[in-house]
Undergrad: 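Have a look at this one.
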Protein chains: 2
Amino acid sequence: MPSPTPARRSRRTDALSADAIIEAAITVLDAEGEEALTFRALSTALETGPGAIYNHLANKQEILAAAAHRLVVHALADVPSDPDAENGIRAVMLAFFDLFGAHPWVGTQLSREPWQAALLEMFEAIGTHLEALGVEERYQFTAASSLLNFVLGVAGQHASATRLARDLDRSAFLRDIADGWKDEATAASHPFSRRMADQLAEHDDRQQYSDGVDFILAGIAAVTAGGGL
Amino acid sequence: MPSPTPARRSRRTDALSADAIIEAAITVLDAEGEEALTFRALSTALETGPGAIYNHLANKQEILAAAAHRLVVHALADVPSDPDAENGIRAVMLAFFDLFGAHPWVGTQLSREPWQAALLEMFEAIGTHLEALGVEERYQFTAASSLLNFVLGVAGQHASATRLARDLDRSAFLRDIADGWKDEATAASHPFSRRMADQLAEHDDRQQYSDGVDFILAGIAAVTAGGGL
DNA sequence: ACCTGAACACCGTTCAAGT
DNA sequence: ACCTGAACACCGTTCAAGT
């Protein structure tokens, strides 16, 4: 009788590669947050030494940029195409929001390096849909940048809120901030914020983001139709 | 004859204080950039030991938050009031842009902690002007957030670009990125970006920001006038 | 050619010892 | 009460030594 094929080893028969490193990095980042991604933690997860990583990727920034890029590409690939151009751009913008919700560290990463690969993908996706929407060529650059900057701002705030609140209840966190806005001293010098405090504590983040996108799209439509900036 | 008053010592007769630390931090950040702000560098500038700083501020994050807050308050105090509400909101938004141009590290800081003091000031200033502009109450929160998120996105990108380009020529840096978008492989899969490449290299940042603000303001006006989102 | 892991040059923060 | 600065517990990155 021939010797039986040995039970497959649990994992880690595959050689180390840039792809494997990026995948492990995403796992660590999603599970334990931004500050948990160290070369020591990553090399432990990959069952190797910290120096080995440098044979495949130049430095930490390159790991983060590649991880963010991969997730952005996947998120865009999952957006169903829509014959209606306005639905199309909304779907793309919401896909970004959901991506940053699922992987908050991406929001930090996108502000670490200008025009990195992930940003190019986002810019391209937005622009393609603006073109489909019939936005004139001379407004496309500014319109795409505006939408991109808006989503980057949201992503950055979301990332920092997650970093701070991590295990805390998110709504309890916002409630605390809102209560601070109601302090006598703060309220006296910041009447607008005082008035908005309850909305801060109770608003639906995704809905508000979506409304913000609608504001910008309405502005693009108005300016285009109205004959210029 | 009484002994002559001794020549005043060069500096550092004043006691250490939170204010002095924040001022020194701003000086270091402006002169040498974000990564130059270490407790060792800061305590050297203040002619003391690194531990002394902790008697006045809890940690590095608190120093950065206080420094950013101070600059935002100063920037807003310098904005001339304008009887025209639309000019008013534009002036405030441009003041933010100019602040981030002069102190790029502020853009990074604002994404480090959600709803920190500096952000409250910005939110309040934007909201007050929206109120003056006649934006209905129910749209104020979303409208103010949209403008704030837009400027935060711009600030983050500006900060990362400065961090990377620091001594390089900014236009040469953008030219390099734009040329990358024209690479055969990149251009084939990213036709929109390919078409925008020259605008990326040649556009006026401040003008484009201002145009972005106009898009959002036009959107707010359109939605408000048109009866809802 | 790739991996290993100790070593290097930093960090932010703490804390015993001073004044 | 505040300051001092060495020490601690980390980092990212390098590099001689292995395979």
Undergrad: Rounding to an integer number of Å, can you tell me how far B:L57 CG sits from D:dC2 P?
TA: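 Those two atoms, CG and P, are 13 Å apart.
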
Undergrad: Name the orientation class of the two ring planes belonging to A:H203 and B:F141 (parallel below 30°, tilted from 30 to 60°, perpendicular beyond 60°).
TA: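 Tilted, since the angle between the ring planes falls between 30° and 60°.
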
Undergrad: Does the pair A:F215 and B:F215 meet the rule for a ring-ring contact (aromatic ring centres under 6.0 Å, His included), with working shown?
TA: CA-CA 8 Å; A:F215 272 144; B:F215 272 144; over 10 Å; no

Undergrad: For B:K60 and C:dG12, give me the distance from atom NZ to atom P, rounded to whole Å.
TA: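 Value for this atom pair: 4 Å.
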
Undergrad: Tell me the partner of D:dG12, counting only Watson-Crick (N1-N3 plus N6-O4 or O6-N4) or G-U wobble (N1-O2 and O6-N3) with both under 3.5 Å; none if nothing fits.
TA: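 C:dC8 - that is the nucleotide pairing with D:dG12, both distances being under 3.5 Å.
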
Undergrad: Whole-Å distance between D:dG5 P and B:L16 CG?
TA: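 It is 14 Å, rounded to the nearest whole Å.
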
Undergrad: Just checking B:L37: base, sugar-phosphate only, or nothing, at a heavy-atom cut-off of under 4.0 Å?
TA: sugar-phosphate

Undergrad: Around atom CD of B:E23, are there more than 12 heavy atoms from other residues, nucleotides or ligands closer than 6.0 Å?
TA: no

Undergrad: Looking at C:dA1, which nucleotide sits across from it as a Watson-Crick or G-U wobble partner, both distances under 3.5 angstrom, or is there none?
TA: D:dT19

Undergrad: Rounded to whole angstroms, how far apart are CG on A:L64 and P on D:dG12?
TA: 10 Å

Undergrad: Could you tell me how far apart A:I53 (CD1) and D:dT13 (P) are, to the nearest whole angstrom?
TA: 10 Å

Undergrad: Send over the distance from A:E62 CD to D:dG12 C1', rounded to a whole Å.
TA: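 The distance from CD of A:E62 to C1' of D:dG12 comes to 14 Å, rounded to the nearest Å.
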
Undergrad: Among D:dC3, C:dC11, C:dT13, which nucleotide sits nearest the side chain of B:T38?
TA: C:dC11

Undergrad: Is the B:Y209-B:F97 ring centre distance short of 6.0 angstrom?
TA: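 Ring centroids of B:Y209 and B:F97 are less than 6.0 Å from each other.
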
Undergrad: So, the side chain of B:Q116 versus the backbone of B:Q109: is there a donor-acceptor pair under 3.5 Å, distance only?
TA: yes

Undergrad: Rounded to whole Å, please give me the gap between CZ in A:F39 and P in C:dC8.
TA: 20 Å

Undergrad: Of all the choices, D:dC3, D:dT13, C:dT13, which nucleotide is nearest to the side chain of B:Y54 once you look at every atom?
TA: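 The answer is C:dT13, which lies nearest to the side chain.
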
Undergrad: Assuming nearest nucleotide by heavy-atom distance, tell me which of A:R40 and A:A52 is located more 5' along DNA chain D.
TA: A:R40

Undergrad: Whole angstrom is fine here: how far is it from CG in B:L42 over to C1' in D:dG5?
TA: 16 Å

Undergrad: OP1 or OP2 of C:dC3 versus the side-chain N and O atoms of A:N55: is any pair under 4.0 Å?
TA: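 Answer yes for this pair, as a side-chain N or O of A:N55 is under 4.0 Å from OP1 or OP2.
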
